[in-house]
Every structure is written in C-alpha cells, then in structure tokens.
Amino acid sequence: MREQLIQFFSQRYGWTTDEIETAASFEELGLDSLSLYSLVTDCEEKFNIKIDTDDITEIDTPEKFIGYAMRKKNI
C-alpha cells in the first residue's frame, strides 16, 4: 500500500518519491487545507479507508499520511 500511495501522490501532484518521503509538511509541497481535505476524501475512496477528521491535523506530512493509512488498513 505504501508504494500505491506514493504513486497516487506522485501522479496527482507531480511530486517525486524523494519529495514525498522528506517533506516537512503538506504545506511545504503546496497544499492548503482545502487541497488536503480533497486529498483525504480521494484517498478514502480510492483505498477504502476512513480517516477520522480529528486526526487530520496530526497527519501533516505525506509520510505520516502513509503510516496512518497503512495502520487503518492493518498493514
């Protein structure tokens, strides 16, 4: 699932694997809160996961997002 998420981020936003793995925040990559919300809802649909709205503020980097999604899928 990790590689699938990285590929999804890369295709959607044009980020490189290195950018995804080292970004200090989604904001650093150019996402505002509305874009992040859109990313979350798209990932929920594509990967069949539920992301708790209370957790979104804690998921502030692509790496944290990937880890969170993998825990939700029990991977």
Side-chain angles (χ1 to χ4, degrees):
M1 178 168 192
R2 176 181 175 69
E3 292 305 316
Q4 293 168 321
L5 283 162
I6 289 173
Q7 183 179 17
F8 178 76
F9 293 157
S10 181
Q11 289 175 345
R12 181 172 177 146
Y13 297 104
W15 301 332
T16 66
T17 300
D18 187 53
E19 288 173 318
I20 293 166
E21 292 175 343
T22 61
S25 68
F26 279 112
E27 186 177 324
E28 176 183 297
L29 294 169
L31 291 188
D32 59 18
S33 58
L34 185 58
S35 297
L36 181 56
Y37 181 77
S38 177
L39 173 68
V40 166
T41 56
D42 289 349
C43 283
E44 286 179 323
E45 291 175 19
K46 182 168 180 66
F47 297 102
N48 195 31
I49 57 175
K50 176 65 179 139
I51 299 172
D52 299 322
T53 53
D54 292 341
D55 294 336
I56 292 174
T57 57
E58 301 296 321
I59 310 168
D60 57 354
T61 71
E63 276 297 309
K64 287 181 184 178
F65 188 100
I66 291 167
Y68 181 90
M70 291 176 64
R71 285 190 303 278
K72 286 291 193 171
K73 291 293 270 187
N74 294 316
I75 296 175

Q) Taking C-beta and beyond as the side chain, do Glu21 and Ile6 meet within less than 4.5 Å on heavy atoms? A) yes

Q) Between atom CG of Leu39 and atom CZ of Phe65, what is the distance when rounded to the nearest 0.5 Å? A) 5.0 Å

Q) Would you say the side chain of Ile59 lies within less than 4.5 Å of the side chain of Val40, judging by non-hydrogen atoms? A) no

Q: Looking only at non-hydrogen atoms, find the nearest pair between Cys43 and Leu5 and report the distance.
A: SG-CD2, 4.2 Å

Q. What pair of heavy atoms forms the shortest contact from Leu29 to Pro62, and how long is it?
A. CD1-CG, 3.6 Å

(Q) Check whether Ser10 reaches the backbone of Thr16 with its side chain - one donor and one acceptor, N or O, closer than 3.5 Å. (A) no

Q. Roughly how far apart are Ser35 OG and Phe26 CZ, rounded to 0.5 Å?
A. 11.0 Å

Q. Do the non-hydrogen side-chain atoms of Lys73 and Asn48 ever get within less than 4.5 Å of each other?
A. yes

Q. Can you tell me how far CH2 of Trp15 sits from CZ of Phe8, rounded to the nearest 0.5 angstrom?
A. 10.0 Å

Q. Is there a side-chain contact between Leu34 and Ser38 (heavy atoms, below 4.5 Å)?
A. no

Q | Atom pair CE (Met1) and CD1 (Ile49), whose distance is rounded to the nearest 0.5 Å | A | 4.5 Å

Q. Going from CD on Glu28 to CD on Glu19, what distance comes out if it is rounded to the nearest 0.5 angstrom?
A. 9.0 Å

Q. Are more than 12 heavy atoms from other residues, nucleotides or ligands located less than 6.0 Å from atom CG of Asp32?
A. yes

**Q.** Single-linkage hydrophobic cluster, 4.5 Å side-chain cutoff, Ile51 and Tyr37 together
**A.** no

Q: Say whether, by atom type as modelled, one donor and one acceptor occur between the side chain of Arg71 and the main chain of Gly67 under 3.5 angstrom.
A: yes

Q) So, do Met70 and Arg2 sit near enough that their side-chain heavy atoms are less than 4.5 Å apart? A) yes

(Q) With a 4.0 Å cut-off on N to O distance, would you call Glu44 and Lys72 a salt bridge? (A) no

Q | Spatial distance of atom OG1 (Thr61) from atom CD1 (Ile66) [nearest 0.5 Å] | A | 8.0 Å

